[in-house]
Every structure is written in C-alpha cells, then in structure tokens.
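What you see is a predicted model, and the numbers here were worked out from it, not measured in a lab. Below, each value reflects all heavy atoms present in this structure, side chains not excepted, and no hydrogens, waters or symmetry copies. We name chains A, B, ... by the order of the sequence lines, and we start the count at 1 in each one.
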Amino acid sequence: MAKTLYDKLFDSHVVHEENGTALLYIDRHLVHEVTSPQAFEGLKIAGRKLWRINSVLAVPDHNVPTTDRSHGIADPISRLQVETLDQNCVDFGVTEFKMNDKRQGIVHVIGPEQGATLPGMTVVCGDSHTSTHGAFGALAHGIGTSEVEHVMATQCLVQKKSKAMQILVEGELGRGVTAKDVALAVIGRIGTAGGTGYAIEFAGSAIRSLSMEGRMTLCNMAIEAGARAGMVAVDDITIDYLKGRPYAPTEAQWDAAVAYWKTLHSDAGAQFDALVELKAEDIQPQVTWGTSPEMVTAINGRVPDPEQESDPTKRGGIERALQYMGLEANTPIESINIDKVFIGSCTNSRIEDLRAAAMVAKGKRVASNVKLAMVVPGSGLVKAQAEQEGLDRIFLDAGFEWREPGCSMCLAMNADRLEPGERCASTSNRNFEGRQGQGGRTHLVSPEMAAAAAVAGHFVDVRTML
Amino acid sequence: MQAFTQLNGVVAPLDRANVDTDAIIPKQFLKSIKRSGFGPNAFDEWRYLDHGEPGMDNSKRQINPDFVLNQPRYQGASILLTRENFGCGSSREHAPWALLDYGFRAIIAPSYADIFFNNCFKNGILPIILNADVVDSLFQAVEADEGYKLTVDLVTQTVNTPDGKSYPFEVDAFRKHCLLNGLDDIGLTLQHVDDIKTFEIKHKAAQPWLFN
Ligand code: SF4
C-alpha cells in the first residue's frame with residue numbers, strides 16, 4: 001500500500017503497539033537547560049540510568065547572555081539552571097556543548113548543523129519547536145518534561161499515531177518572499193489549531209526549491225499551526241547539506257544511509273487525511289498584527305476591524321489583541337512604527353537568514369526612532385561563518401548590535417527583552433502577550449522584512465528595497 | 001502521580017480562546033529547577049498588577065481585581081472551564097504543574113493544544129473535551145449561579161451538572177487506565193524491556209549510523 005512519509009517514519013520505529021498506542025523508539029534526544037532539570041532529578045530519585053547515552057546531546061540556550069560571557073551569567077537563577085544542566089551532564093555522561101563552546105547555540109540550530117539530526121530519525125526534545133528537525137525527513141516531536149524523563153529511561157515515547165496532512169505549495173515564490181512568509185501564510189489560512197492532531201508534510205515545487213534553512217524555518221512553525229510535527233521529504237538538497245557534518249555517517253555507511261534516505265518521501269498515491277493547497281505566487285511578505293501567529297496579513301494589508309467579524313469569540317479575540325498591541329482597526333501595516341528589531345531565534349538565525357538580512361541592511365542606517373536592532377546568530381558556528389563573510393561589519397556599520405548565540409529575545413528569559421508598550425519587528429515564532437517581555441508587542445516577520453523595518457523605522461515592503 | 005477517579009468541585013470560567021502556556025506560567029518562572037511551587041504564579045501577568053519574578057513574596061503583591069480567577073466566588077475552584085485551543089504554545093510542563101499546584105484537577109474546553117493535552121495526563125490532570133455548545137451553556141450556568149459545581153466522573157466518562165444533566169466525554173483507554181490508577185509511565189514501559197532491546201538490535205543492524 002502507498003505510504004506517506006509520516007507512515008514510513010512512524011511505522012519503522014514502533015517497538016510495541018496496544019490499542020492504538022505505540023511505544024516509539026527514539027534515535028536522537030536533544031536536551032536544554034529549561035525542561036530537563038526535573039527529568040534528571042526524577043531519574044536520580046528512582047535510581048534510573050540513561051538507556052542510551054550517545055543518543056543524547058545537550059546545550060544551554062534559553063538562559064545564556066548574548067553579551068560578553070567571560071564572567072558567566074549574572075542572574076543567579078539563570079546561572080543555577082545552566083549549572084544544573086552542566087552537572088547533570090557530568091553525572092549522566094552526556095555530551096554537552098557548554099556556554100563557551102564554539103558549537104553552542106540554539107538547540108534546534110545546532111542539531112542539524114552538527115548532523116546530529118539525520119533523515120529517517122525520530123528526534124525529540126523538551127521544546128515545542130523540535131518540529132524544526134522534520135525538515136530532514138525525520139519525525140521530530142516536542143515533548144514535556146515527564147516525557148523527557150521517559151525517553152531518557154526507556155529510549156521510547158508513548159505515542160498515538162496522528163492523522164496526516166499535506167500542505168502543497170506549488171509554483172515559484174516571488175523575490176523577497178521567504179519560507180517564513182509561507183509559514184505565516186499557512187497559519188493565516190488554517191489557524192493556530194488547524195494542524196492539531198495532524199503531522200504535516202510540506203510538499204510541492206515551492207517547497208522543493210527551498211534550501212534546508214528555509215525548510216527548517218517552515219517546519220519550525222508547524223507547531224504554531226497546532227501540528228506536533230512538520231516534515232519535508234528527503235532530496236539532494238537534504239543530502240548535500242548533511243555531507244561532512246560531524247555527526248553524519250562517513251564512507252560505506254554514508255552510501256548505505258543515502259540509499260535509505262532516498263526512500264524517505266510519500267509514495268505516489270499515498271492518502272492524506274487532509275490537504276491544504278497554496279499557490280506560491282499568491283504569497284506576499286507577511287506581518288502579524290495581533291497576539292497569535294494566525295493574526296497575520298500581507299505587508300500591503302491593514303489591521304482588521306473587529307466590527308467585520310461575526311463570530312463573537314473571534315471578535316472578542318481581535319478586540320483584545322488590538323488593545324494589547326495598541327493598534328487601531330484599519331491601520332495600514334506599513335504605517336506602524338517600531339521601537340526594536342530582533343533578528344534571531346530557532347526560526348530565523350541561520351547563516352542564510354543573516355545573509356538575507358545583511359543584504360537589505362548593507363550601506364544603510366537603522367532609523368533614528370529604532371532604539372535597538374539586534375542580530376543574534378543561532379550558534380557559535382553560524383556567528384563565526386557570518387564574521388568570515390563580513391556580515392557582522394555590515395550589521396555593525398548599519399547600527400545593529402551583533403550578539404552571542406542563544407534564544408535571547410525570542411522569549412526573553414535572559415536579559416534581552418522588550419519594555420512594556422515597546423513594539424518589535426521580530427523574526428521569532430510567537431507573538432503571544434508578554435512573550436518578549438511583559439507588555440511587549442511583537443510583530444512576526446522574515447529576516448528581510450525585519451531588516452527593512454529597522455532601516456525604515458516602520459514596516460515596509462522589502463520588495464521595494466531589493 | 002495522584003490517581004483521578006471522581007471530582008466534585010467549583011468551576012472557574014476563563015472565557016478566552018487560545019490561552020497559551022506563556023499566559024499560564026510566564027517564562028521567568030521556568031528558571032526553577034523544581035517541579036512544585038508554581039501555583040502562586042499561575043496566570044501571573046493577568047492575576048497581579050505588578051510584574052512577578054521568582055522569589056517574590058506573592059502575598060504582598062497587587063492583585064488584579066478584574067481577573068476572573070481573583071473573584072471571591074471562584075476561590076478554591078478545582079475545575080477550569082475555558083475555550084478553544086487551550087494550552088497552545090510551548091511544551092513546558094510547568095503549565096500543568098502550575099495549574100495543578102493552583103488546585104485544578106480537571107479542565108473543560110472544546111479543544112486543546114496537543115502537547116499540553118498530553119502533559120496534563122502525565123500530571124494527574126484530566127483535560128475534558130466537550131463540544132462548543134455545551135461549553136457555552138456551562139459558561140452561562142457558572143455565570144448565573146454562584147458556587148456552581150460540576151461532578152467529573154472518569155470511570156463513567158461523564159460531566160454531571162447539579163440539575164441532573166450528564167455530558168459524556170471521550171478519553172483514550174490507556175490514558176484512562178493510567179489516570180485511574182495513578183500509574184507512572186516509565187514503570188509501564190519498562191515492562192517491555194525485551195521488546196525495546198529486540199527492536200534496538202534490529203534497528204542497529206539496518207541503520208548502524210544511528211548508533212555512532
Ligand atoms: S529560539 Fe525561541 S522558540 Fe526557539 S527554542 Fe529558543 S526560545 Fe524556543
């Protein structure tokens with residue numbers, strides 16, 4: 001029978017199945033400091049060991065400062081959390097890229113960068129954006145801390161099979177239109193709960209022509225559409241990306257792996273439970289205006305008018321969002337001024353993202369009304385590569401700050417945050433109330449659009465600047 | 001994990017859709033390395049007028065009188081009534097920990113975010129799905145009647161109102177079993193040690209690069 005990619009990945013990892021609930025074998029377990037301490041503690045209390053130590057790779061990312069790190073972390077509570085991870089990794093024998101390691105970075109950036117995420121794998125991490133790794137034709141789930149402990153102790157996840165959704169994007173994306181815009185357009189279409197209960201496979205010619213960075217951006221945001229997993233079939237772009245990565249197989253194993261990986265796509269005629277189709281040509285650069293990623297529109301659009309919404313729950317949601325965001329109905333998006341710019345996060349902090357933003361910023365200046373424009377590379381290696389290419393100079397000359405890698409102002413657990421009422425053009429993935437700091441107002445955009453907004457001081461169609 | 005069989009409790013209405021995990025427990029509290037103590041900071045940004053940080057004495061903070069859970073009539077509530085897509089956002093288990101520590105053992109909503117839904121079961125909280133019309137009528141009943149209580153019965157899979165209505169709900173058989181008996185997942189899975197080992201040998205033979 002014709003199988004979907006999801007069927008292939010799921011079925012090949014079933015250890016045991018009973019009444020539709022499966023024990024799924026986990027190949028790679030990524031760990032960060034926020035969701036692991038209680039799991040390690042649970043293991044210690046129960047006297048349990050890790051089932052397979054070399055499946056685990058750990059890195060601190062959420063709490064680390066993005067400024068000078070030579071004196072460690074100033075906030076004692078953040079410091080304790082990172083030190084707890086360090087100690088747990090020593091106690092359990094886990095490989096960790098520590099804060100001052102060149103390879104340190106956001107967990108979802110370093111996994112692929114190291115080749116620790118491979119096609120055909122099941123990947124878990126105590127973090128919802130684990131869906132990112134599905135870009136490699138892997139089955140990647142975000143899990144809670146109890147599940148982190150469970151996978152550590154048993155190498156398995158208790159899992160029910162989801163339904164399969166295919167999101168088909170055919171055609172060619174216009175200039176200045178990125179994977180981020182595709183992701184936001186999809187969420188705008190199906191809503192933040194549209195993918196709940198589904199594993200999403202992104203397919204179609206527009207997806208196949210995306211780089212791995214773009215595919216990761218897209219799968220990263222599958223969770224914002226409610227899906228626990230997003231994925232893209234393996235092709236030559238996937239394989240070329242992985243070749244020579246530290247954790248990728250070599251020599252004879254490489255050939256065997258590639259032969260297998262090439263089977264990781266949905267078969268012709270495979271049945272999906274739901275299908276969503278978008279035309280690439282219809283997708284414009286996107287900007288969110290509200291407090292949920294589904295509250296999004298094209299750059300040439302306007303802030304919606306709650307009066308036009310007939311569903312009372314939705315109308316109430318729009319009204320509350322506009323109030324929180326300090327926006328009037330019907331305001332043109334391009335007339336919204338910003339206070340800060342954040343280019344970073346596991347959605348958009350890879351080398352390609354930084355190149356794209358630098359292209360826009362090159363030879364220009366951050367507008368005078370913008371108090372802070374910061375660029376936070378996704379990892380130490382991305383940072384080094386960017387510096388080698390001179391991107392840091394472009395940003396610095398334009399008036400951006402150039403920081404050390406980490407989650408930073410994506411969720412403001414470290415010192416980087418918005419003040420109440422501040423408005424930010426952000427390349428991250430969540431615009432929830434308070435996400436980037438209490439009272440902060442987040443507008444999600446692509447790196448190109450963020451750089452353009454930094455230069456203009458308000459949102460602007462980046463296509464007019466290319 | 002505490003077992004869950006039947007619960008009779010006061011219902012607190014949180015009339016918002018898409019309540020996210022950042023709202024349930026703001027990130028500054030995620031710096032804790034413990035599992036407990038999150039209750040006083042559940043819904044922190046809505047519940048207090050000042051900004052909360054870990055280590056503060058919450059009893060000295062300014063309460064937001066407009067936030068529904070602060071109303072005297074909902075004190076001691078153990079059932080949370082809310083709208084679509086509750087618990088969206090991050091995978092943080094701190095969200096169910098905070099709700100549990102606050103005193104909620106059951107949630108009623110038309111839908112939930114997936115990871116949050118799953119995390120509830122791991123912590124002895126029962127997330128119940130009832131259709132949007134029923135949820136609507138429950139909101140009206142709670143509003144109308146101070147001290148309104150519901151009885152949630154996991155054995156019969158019903159939510160029972162004081163005026164004798166009974167709404168059935170679905171729950172996965174395995175999750176029900178675990179919740180009724182307060183079973184720890186790890187112990188259950190380790191009953192399959194041999195299956196895991198057998199699978200691992202076969203998997204390694206087929207894809208040795210996964211084990212490097
Ligand atoms: S960058 Fe943001 S979304 Fe990504 S892992 Fe860090 S906090 Fe989570």
Side-chain angles (χ1 to χ4, degrees), chain A residues 15-16 18-19 21 23 25 27 34-35 37-38 41 46 48 51 54 62-63 77-78 80-81 84 118 120-121 126-128 142-147 149-150 153-156 158 160 192-193 196-197 226 228 247 249 253 256-257 260 292 313-314 317 320 411-413 430 432-435 438, chain B residues 15-18 20-23 26-28 30-35 45 51 53-55 83-85 88-94 96-97 111-116 118-119 122-123 132 172-175 184-186 188-190 192-193 195-196 198-200 203 206-212:
Chain A
V15 168
H16 176 83
E18 219 171 293
N19 304 324
T21 300
L23 269 186
Y25 188 84
D27 297 313
V34 181
T35 53
Q38 297 87 351
E41 188 192 17
R48 287 172 174 140
W51 182 281
N54 73 355
H62 285 61
N63 282 281
I77 309 176
S78 286
L80 177 64
Q81 203 167 50
T84 303
L118 295 172
M121 272 185 168
D127 192 283
S128 57
I143 58 178
T145 298
S146 296
E147 290 174 315
E149 185 180 340
H150 187 276
T154 69
Q155 211 60 37
C156 291
V158 180
K160 268 184 113 96
T192 48
T196 304
R228 211 173 178 188
Y247 282 67
Q253 271 196 6
Y260 172 62
S292 158
T313 306
K314 279 200 186 135
R320 196 155 37 230
L411 94 166
M413 256 184 99
R430 287 189 176 142
F432 300 153
E433 286 184 21
R435 170 76 177 182
Q438 195 178 23
Chain B
D15 195 358
R16 295 188 183 214
N18 300 311
D20 62 78
T21 51
D22 280 323
K27 64 246 162 193
Q28 59 270 34
L30 272 53
K31 293 178 186 176
S32 167
I33 54 171
K34 302 230 146 46
R35 228 175 239 272
E45 291 186 5
H51 175 77
E53 283 293 332
R83 300 283 185 183
E84 290 83 15
N85 200 28
C88 60
S90 94
S91 66
R92 66 187 67 157
E93 206 155 312
H94 311 67
W97 294 338
S111 61
Y112 299 86
D114 202 34
I115 301 177
F116 173 82
N118 211 17
N119 282 340
K122 314 258 178 222
N123 291 284
D172 171 73
F174 176 71
R175 283 172 164 157
D184 157 1
D185 271 8
I186 296 180
L188 282 171
T189 299
L190 287 175
H192 298 287
V193 164
D195 292 333
I196 304 173
T198 310
F199 178 90
E200 203 164 46
H203 198 51
Q207 297 178 61
W209 55 87
L210 297 177
F211 292 77
N212 288 342

(request) Tell me, for A:Val34 versus chain B, whether the close heavy atoms (under 4.5 Å) come from the side chain, the backbone, both or neither. (result) both
(request) Considering non-hydrogen atoms only, spot the tightest contact between A:Leu411 and B:Arg92 and give its length. (result) CD1-NH2, 4.4 Å
(message) I'd like to check the side chain to side chain donor-acceptor pair (under 3.5 Å) partners of B:Ser32; sequence neighbours left out, ordered by chain and number.
(response) none
(request) Rounded to the nearest 0.5 Å, what's the gap from CG on B:Asn85 to OG1 on A:Thr196? Could you check? (result) 5.5 Å
(request) Drop me the distance from B:Asp184's CG to A:His150's NE2, to the nearest 0.5 angstrom. (result) 8.0 Å
(message) Looking at chain B, which one of A:Glu18, A:Arg48, A:Glu41, A:Glu149 has the largest number of heavy-atom pairs inside 4.5 Å, strictly under?
(response) A:Arg48
(message) I need the A:Ile77 CD1 to B:Ile33 CD1 distance, nearest 0.5 Å.
(response) 10.5 Å
(message) So for B:Asp195, is it side chain, backbone, both, or neither that comes closer than 4.5 Å to the heavy atoms of chain A?
(response) both
(message) Using every non-hydrogen atom in the two residues, find where A:Arg228 and B:Ile115 come nearest and quote the distance to one decimal.
(response) NE-CG1, 3.5 Å
(message) Could you check whether any side-chain heavy atom of A:Met121 comes within less than 4.5 Å of a side-chain heavy atom of B:Leu210, counting everything from C-beta outward?
(response) yes
(request) Using non-hydrogen atoms and a 4.5 Å limit, figure out which bit of B:Pro26 sits close to chain A: side chain, backbone, both or neither. (result) neither
(message) Does any backbone or side-chain atom of B:Ser90 lie under 4.5 Å from a heavy atom of chain A? Answer side chain, backbone, both or neither.
(response) both
(message) I need the A:His16 NE2 to B:Thr189 OG1 distance, nearest 0.5 Å.
(response) 9.5 Å
(message) Let me confirm one number: the CD1-SG distance from B:Ile196 to A:Cys156, rounded to the nearest 0.5 Å.
(response) 4.0 Å
(request) For the pair B:Lys31 (side chain) and A:Met413 (backbone), establish whether a donor and an acceptor sit closer than 3.5 Å, ignoring hydrogens and angles. (result) yes
(message) Report which part of B:Phe211 has an atom under 4.5 Å of a heavy atom belonging to chain A: side chain, backbone, both, or neither.
(response) both
(request) Under 4.5 Å, counting heavy-atom pairs only, tell me which of A:Leu80, A:Asn54, A:Thr35, A:Asn19 racks up the most with chain B. (result) A:Asn54
(request) Select one option (side chain, backbone, both, neither) describing which atoms of A:Ala412 are under 4.5 Å from chain B's heavy atoms. (result) both
(message) Let's go through B:Asp185 and A:Ser146 carefully: what are the C-alpha distance in whole Å and the side-chain angles of both, what is the deciding distance for side-chain contact (heavy atoms from CB on, under 4.5 Å) to 0.1 Å, and is it a yes or a no?
(response) CA-CA 9 Å; B:Asp185 271 8; A:Ser146 296; over 6 Å; no
(request) Compute whether any side-chain donor of one residue and acceptor of the other, for A:Asp27 and B:Gln207, lie under 3.5 angstrom apart. (result) no
(request) Show the numbers, then the answer: is there a side-chain contact (heavy atoms from CB on, under 4.5 Å) between B:Leu30 and A:His62? (result) CA-CA 10 Å; B:Leu30 272 53; A:His62 285 61; over 6 Å; no
(request) Looking only at non-hydrogen atoms, find the nearest pair between B:Leu190 and A:Ala153 and report the distance. (result) CD2-O, 4.1 Å
(message) Over 60° means perpendicular and under 30° means parallel, so tell me whether A:Tyr260 and B:Trp209 are parallel, tilted or perpendicular.
(response) tilted
(request) Among the options B:Lys122, B:Glu45, B:Gln28, pick out the one with the most heavy-atom pairs lying under 4.5 Å from chain A. (result) B:Glu45
(request) Using non-hydrogen atoms and a 4.5 Å limit, figure out which bit of A:Ser78 sits close to chain B: side chain, backbone, both or neither. (result) both
(request) Among A:Gly142, A:Gly226, A:Ala257, single out the residue with the greatest number of heavy-atom pairs under 4.5 Å to chain B. (result) A:Ala257
(message) Given heavy-atom pairs under 4.5 angstrom as the criterion, report whether the side chain, backbone, both or neither of B:Asp15 touches chain A.
(response) backbone
(message) Please classify the contact between B:Lys27 and chain A as side chain, backbone, both or neither, with a heavy-atom cut-off of under 4.5 Å.
(response) both
(request) Could you tell me whether A:Lys160 and B:Asp172 have a side-chain N and a carboxylate O separated by less than 4.0 Å? (result) yes
(request) Quick one: pull up OG1 in A:Thr192 and CG in B:Asp20 and give me the separation to the nearest 0.5 Å. (result) 10.0 Å
(request) Compare every heavy atom of B:Asn119 with every heavy atom of A:Gly144, then report the nearest pair and how far apart it is. (result) CA-OD1, 3.4 Å
(message) Keeping A:Arg430 on the side-chain end and B:Gly89 on the backbone end, is there a donor-acceptor pair under 3.5 Å?
(response) yes
(message) For chain A, which candidate among B:Pro96, B:Pro208, B:Gly55, B:Ala23 shows the most heavy-atom pairs at distances under 4.5 Å?
(response) B:Pro208
(request) Find out whether B:Trp97 and A:Thr145 are in side-chain contact, i.e. whether some heavy atom of one side chain is under 4.5 Å from a heavy atom of the other. (result) yes
(request) Output the option from A:Ser128, A:Pro37, A:Ala193, A:Gly120 having the highest count of non-hydrogen pairs under 4.5 Å with chain B. (result) A:Ser128
(message) Taking every non-hydrogen pair under 4.5 Å, which of A:Glu433, A:Arg320, A:Gln155 racks up the most with chain B?
(response) A:Arg320
(request) Identify which part of B:Asn212 has an atom lying under 4.5 Å from any heavy atom of chain A, answering side chain, backbone, both or neither. (result) both
(request) Go through the structure and list residues passing side chain to side chain donor-acceptor pair (under 3.5 Å) with A:Gln38, not counting sequence neighbours. (result) none
(message) Measuring only between side-chain heavy atoms, which start at C-beta, is A:Leu23 closer than 4.5 Å to B:His192?
(response) yes
